[in-house]
Amino acid sequence: MSFVDSIKTCFSKIIDFNGRARRSEYWYFRVFVVVISIIISAILGQENQIASIFSLLLSIASWSVEVRRLHDIGRSGWWVLLDLVPVVGWIILLIWLIRDSDPGENQYGPNPKGL
């Protein structure tokens, strides 16, 4: 999946927490979120209402793609709550999020790679 395709997919599935997301979809979107957040903060500042609304939209889309990425490795989306556990939770999630997709179909749907 290309960078642009991953952004389009994530925004088209902004509130879709079902299914699976490939590694490339997740990581390209994360890069996009970081870059856009830096640009918006630099231009509008942290206290601007437009920046706050955009940050909320990016957060929802990020949670959505993270849940779908966890589904891709056979984990429940509820594991996203490990984001709330400093350091240890982040490390566990990082390890899971860099794993390759489960081959074939799992309980969350077919493999997005088509394998």
Side-chain angles (χ1 to χ4, degrees):
M1 178 172 282
S2 73
F3 184 77
V4 174
D5 289 338
S6 72
I7 295 166
K8 286 179 184 177
T9 301
C10 288
F11 279 118
S12 70
K13 296 180 176 183
I14 195 166
I15 56 170
D16 183 5
F17 291 85
N18 299 311
R20 297 169 66 171
R22 295 176 65 171
R23 257 188 313 194
S24 58
E25 179 183 343
Y26 175 78
W27 289 108
Y28 282 149
F29 190 72
R30 293 300 291 177
V31 168
F32 171 77
V33 167
V34 168
V35 170
I36 292 300
S37 295
I38 290 169
I39 291 170
I40 294 293
S41 292
I43 293 172
L44 299 175
Q46 297 278 339
E47 303 300 320
N48 189 300
Q49 288 180 344
I50 295 171
S52 297
I53 291 169
F54 198 71
S55 293
L56 178 64
L57 289 175
L58 286 177
S59 295
I60 294 168
S62 294
W63 292 326
S64 167
V65 73
E66 188 170 352
V67 166
R68 291 193 316 270
R69 179 71 194 119
L70 288 168
H71 287 172
D72 192 42
I73 61 166
R75 303 265 180 208
S76 167
W78 288 104
W79 284 106
V80 76
L81 295 175
L82 281 177
D83 278 331
L84 301 174
V85 180
V87 184
V88 174
W90 303 336
I91 291 170
I92 292 169
L93 276 174
L94 178 65
I95 291 168
W96 287 347
L97 294 171
I98 60 176
R99 281 188 42 203
D100 196 11
S101 303
D102 281 352
E105 190 169 326
N106 69 15
Q107 66 200 39
Y108 302 103
N111 189 330
K113 290 182 179 179
L115 300 175

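One is the number of the first residue; the rest follow in order along the sequence. Model, not experiment: these values are computed from the prediction.
- Legend: residues meeting salt bridge (Lys or Arg N to Asp or Glu O under 4.0 Å) with Asp100, ordered by chain and number and at least two apart, are Arg23, Lys113.
- Residues Ala21 and Pro112 share a closest heavy-atom pair of C-CG, 4.3 Å.
- In this structure, Asp16 contributes its side chain and Ser64 its backbone to no donor-acceptor pair below 3.5 Å.
- Put simply, Leu81 and Val65 are part of two different groups of oily side chains (I, L, V, M, F, W, Y) that touch within less than 4.5 Å, one to the next.
- Under the side chain to side chain donor-acceptor pair (under 3.5 Å) criterion, the residue pairs touching residues 71-93 are Arg20-Asp72, Arg69-Asp72, Asp72-Ser101, with sequence neighbours excluded.
- Transitive grouping of hydrophobic side chains (ILVMFWY, heavy atoms separated by less than 4.5 Å) brings Ile15 and Leu70 into a common cluster.
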Determine all donor-acceptor pairs shorter than 3.5 Å in which one atom belongs to a side chain in residues 25-36; sequence neighbours excluded.
unit_1 : atom_1 : unit_2 : atom_2 : d
Glu25  : OE2    : Arg68  : NH2    : 2.9
Trp27  : NE1    : Leu97  : O      : 3.3

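- Each of Val88, Ile95, Leu94, Leu93 was scored for a side chain to side chain contact (heavy atoms under 4.5 Å, CB included) with Ile91, with one residue passing: Ile95.
- Between the side chain of Ser12 and the main chain of Thr9, a donor-acceptor pair closer than 3.5 Å is present.
- Placement of Leu84 and Val80 in two distinct hydrophobic clusters is found when ILVMFWY residues are connected by side-chain heavy-atom separations under 4.5 Å, directly or transitively.
- Counting heavy atoms from C-beta outward, Leu58 and Phe11 have side chains that approach closer than 4.5 Å.
- Closest approach of Ala61 and Cys10 over heavy atoms only: CB-O, 4.4 Å.
- Atom-to-atom distance recorded for Phe3:CZ and Lys8:NZ is 12.5 Å, nearest 0.5 angstrom.
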**Q.** Worked verdict on Asn111 versus Asp102 for side-chain contact (heavy atoms from CB on, under 4.5 Å)
**A.** CA-CA 7 Å; Asn111 189 330; Asp102 281 352; over 6 Å; no
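- Note: the hydrophobic cluster containing Leu56 also contains Val67 (ILVMFWY, side chain heavy atoms under 4.5 Å, direct or indirect links).
- Note on Val4 and Met1: separate hydrophobic clusters, where clusters join Ile, Leu, Val, Met, Phe, Trp and Tyr whose side-chain heavy atoms are under 4.5 Å apart, directly or indirectly.
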